[in-house]
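Below: one structure, written as structure tokens.
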Amino acid sequence: MSELILIGLNHKTAPIEVRERLAFQDSEIEKALSQVYSLPGVKETMILSTCNRVELYAISQKAERSIEDLKDFLSRFHQLPLTHFERHLYCLLGEEAVRHLFRVASSLDSMVVGEPQILGQIKDAYTRSTELKTSGIILHRLLHRAFSVAKRVRTETQIGDSAVSVSSVAVELAEKIFGSLDQRVILLIGAGEMSELAARRLMAGGVRNILVTNRSYDRALSLATDFNGEAIPFEDLNQGLKKADIVISATEAPHYLIDRERMVKVMKERKQKPLFFIDIADPRDIAPEVGDLENIYLYNIDDLQKVAHENMRGREQEAQKAETIVDEEVAGFVRWYQSLEITPTIIALKKKCEEIRRRELEKMLSLHPHLSEKERQSLEAMTSAIVNKILHDPFVRLKQKDEEALSDMYVDALRTLFQLPEAPFIEDKEER
């Protein structure tokens, strides 16, 4: 019987420098799929390549050989000796490969559990394999099942409902304060990497207007240009505070840039319009007393990280529910997969028994030509009933769900003992 094979590495098993060397560029996928598909015994294949993982999926009739062939392919294609990366690889077969894919699709194997990006990447990989006709009946069923599992996990758990990064928490808090963010104004104080990342995440959440101030006006202007925003001279900080709804501060100042006295004046000029501060500087840019003022919401990096960590613990609890869903779906897929071999085996055995019955019946009837038509029909019915009764118990046993672990052994035994032909459930490459 053909076997599902998974060869891969990810952020848990390999450092980034190894993942980078083995990653496939979009322009390389067609060539790579073609080469894997041409390997002896490989009937279907798909390649999943992201910044955090590289995985080759294959359906093969020669599993042991295909495992070595897939490793050699990775080495040849990327011109990297196998000894440089083999220890980072994992190799999963059958049910374990199915479970792995379902967990990946459900974001249970992601660097940040519950983040949804991986599902889109799997869909893209599957689309490429279907367009290039390297996937067939098993991968089609497997991938559609994986998409269904991911949907169940999203629907039946809250694994992706809470923010687990500092920037995501900032967006979540801002939305709670302001509702829609599309008309809100961000003020960046400082033009470093941390404030830029937080601003990008807020803009992804809907913010469209951005102001930037920095001790170096040129740097403020450069960053403002990147965001299609406006640069403000540092000495005009109060003007920026009057316009902003959300302030992200991340400078290297040795003392507070914004204190209570300044904000009492600014809030009066703002007519007490709400203002959300995100202070991600170390040491802090904003005096903690500022947060005591009415309509000011102040969060520092520790506050945001605390929320993120609490949310991550919540996701981990939801992940346990998701694992149960994955287990259920794996069992269902395995039953279907095994039926690909069981059903043809049942049909082949029944056909062979029926051929023997009819052949022997015809011999007997030829020796007794005097039998009436009614007697002939009675013999036909009796011999047919004998065959059906003999096969009934083995067929029931073969189909029983609680005997899944033994089904392969039963199928192999039946095919060997009764000399049945191999089940042609996967079409030949030449027929596609």
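Positions are given from 1 along the sequence. Because the structure is a prediction, the values reported are computed rather than measured.
Glu44 places a side-chain N or O within donor-acceptor distance of the main-chain N or O of Leu139, the cut-off being under 3.5 Å. Side-chain atoms of Ser384 never come within 3.5 Å of backbone atoms of Ala381 as a donor-acceptor pair (strictly under, hydrogens ignored). Distance alone, capped at 3.5 Å, places no donor-acceptor pair between the Arg184 side chain and the Ile246 backbone. Proximity of a side-chain donor or acceptor of Thr134 to a complementary backbone N or O of Thr45 within less than 3.5 Å is detected. In this structure, Ser106 contributes its side chain and Leu108 its backbone to no donor-acceptor pair below 3.5 Å. One N or O on the side chain of Glu318 and one on the backbone of Gln158 form a donor-acceptor pair closer than 3.5 Å. The backbone N or O of Asp218 sits nowhere less than 3.5 Å from a side-chain atom of Ser222 that would complete a donor-acceptor pair. For Asp279 (side chain) and Asp285 (main-chain N/O), a donor-acceptor pair under 3.5 Å exists by modelled atom type.
Crowding of Gln419 atom CD: a count of heavy atoms from other residues, nucleotides or ligands under 6.0 Å not exceeding 12. Residue Glu30 places its CD atom among 12 or fewer non-hydrogen atoms of other residues, nucleotides or ligands, all under 6.0 Å distant. Applying the 6.0 Å contact sphere to CD of Glu64 captures no more than 12 heavy atoms from other residues, nucleotides or ligands. Surrounding NZ of Lys151 are at most 12 heavy atoms belonging to other residues, nucleotides or ligands under 6.0 Å away. Under a cut-off of 6.0 angstrom, the local environment of CD in Gln183 is sparse, with at most 12 non-hydrogen atoms contributed by other residues, nucleotides or ligands. Within a 6.0 Å radius of NZ in Lys352, more than 12 heavy atoms belonging to other residues, nucleotides or ligands are found. Atom CD of Glu17 has more than 12 neighbouring heavy atoms from other residues, nucleotides or ligands inside a 6.0 Å radius. A 6.0 Å sphere centred on CD of Glu96 holds more than 12 heavy atoms belonging to other residues, nucleotides or ligands.
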Going through the checks in order, is the side chain to side chain contact (heavy atoms under 4.5 Å, CB included) test met by Tyr217 and Asn214? CA-CA 6 Å; Tyr217 183 76; Asn214 193 59; over 6 Å; no

Side chain to side chain contact (heavy atoms under 4.5 Å, CB included), that's the test. Do Ile390 and Val387 meet it? Break it down for me.
CA-CA 5 Å; Ile390 290 173; Val387 169; 5.8 Å; no

Could you please spell out the steps behind the salt bridge (charged side-chain N to carboxylate O under 4.0 Å, His left out) verdict for Arg357 and Glu380?
CA-CA 9 Å; Arg357 181 194 72 84; Glu380 174 84 23; 2.9 Å; yes

*asked:* For Arg103 and Glu323: C-alpha separation, side-chain torsions, deciding distance, then whether side chain to side chain contact (heavy atoms under 4.5 Å, CB included) applies.
replied: CA-CA 8 Å; Arg103 295 187 74 255; Glu323 295 285 6; 2.8 Å; yes

- Given side chain to side chain contact (heavy atoms under 4.5 Å, CB included), test Ile16 with His11 step by step and report yes or no. CA-CA 7 Å; Ile16 189 169; His11 58 281; over 6 Å; no

Carefully, step by step, assess Asp69 and Arg65 under the rule salt bridge (charged side-chain N to carboxylate O under 4.0 Å, His left out).
-> CA-CA 6 Å; Asp69 286 346; Arg65 175 174 177 178; 3.4 Å; yes

Quiz prompt | Working for salt bridge (charged side-chain N to carboxylate O under 4.0 Å, His left out), residues Arg53 and Asp109 | solution = CA-CA 10 Å; Arg53 71 180 67 246; Asp109 195 57; 3.0 Å; yes

- Could you please spell out the steps behind the ring-ring contact (aromatic ring centres under 6.0 Å, His included) verdict for His100 and Tyr90? CA-CA 11 Å; His100 178 86; Tyr90 41 83; 5.2 Å; yes

- Task: Apply salt bridge (charged side-chain N to carboxylate O under 4.0 Å, His left out) to the pair Lys321 and Glu156, showing each step before the final yes or no.
- Result: CA-CA 8 Å; Lys321 301 177 186 177; Glu156 298 178 26; over 6 Å; no

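Contact check for Thr157 versus Ile325: side-chain heavy atoms found under the 4.5 Å cut-off. Under the 4.5 Å side-chain criterion, counting only non-hydrogen atoms from C-beta, Ile286 is in contact with Ser249. Using a 4.5 Å heavy-atom cutoff, the side chains of Thr13 and Val18 are not in contact. Here the side chains of Phe234 and Ile189 are in contact, with some heavy-atom distance below 4.5 Å. Side-chain contact between Val330 and Glu95 is present, with heavy atoms from C-beta onward closer than 4.5 Å. Cys51 places none of its side-chain heavy atoms less than 4.5 Å from the side chain of Arg19. Between Arg145 and Leu142 there is no side-chain heavy-atom pair separated by less than 4.5 Å. Looking at His78 and His84, their side chains never come closer than 4.5 Å, going by heavy atoms from C-beta outward.
Of all non-hydrogen atoms in Pro274 and Phe178, the two that sit nearest each other are O-CE2, 4.0 Å. Across Leu361 and Leu379, no two heavy atoms sit closer than the pair CD1-CB, 4.0 Å. Heavy atoms only, all atoms of each residue included: Ala231 and Ala224 are closest at N-CB, 3.8 Å. Smallest separation of non-hydrogen atoms from Ala322 and Val153: CB-CG1, 3.7 Å. Across all their heavy atoms, Arg141 and Phe333 have their closest contact at CG-CE1, 3.7 Å. Shortest non-hydrogen contact noted between Ala97 and Leu6 is CB-CB, 4.0 Å.
Here the CG atom belonging to Asp303 is positioned 12.5 Å from the CD1 atom belonging to Ile280, to the nearest 0.5 angstrom. We find the CZ-CG distance between Arg219 and Leu223 to be 5.0 Å, quoted to the nearest 0.5 Å. Note: Leu74 CG to Gln35 CD = 11.0 Å, rounded to the nearest 0.5 Å. If you take CD on Gln25 and OG on Ser49, they are separated by 7.5 Å, rounding to the nearest 0.5 Å. Between the CG atom of Leu391 and the SG atom of Cys353 there is a distance of 4.5 Å, given to the nearest 0.5 Å. Rounded to the nearest 0.5 angstrom, Thr127 OG1 and Ile122 CD1 are separated by 11.5 Å.
Geometric assessment of Lys176 against the ring of Phe276 yields a negative cation-pi assignment under the 6.0 Å and 45° thresholds.
The aromatic rings of His144 and Phe147 sit perpendicular, their planes meeting at an angle over 60°, well past the 30° parallel limit. Relative ring orientation between Phe77 and Phe24 is described as tilted, the plane-to-plane angle lying within the 30° to 60° band.
Side-chain N/O atoms of Asp182 and Ser180 include a donor and acceptor closer than 3.5 Å.
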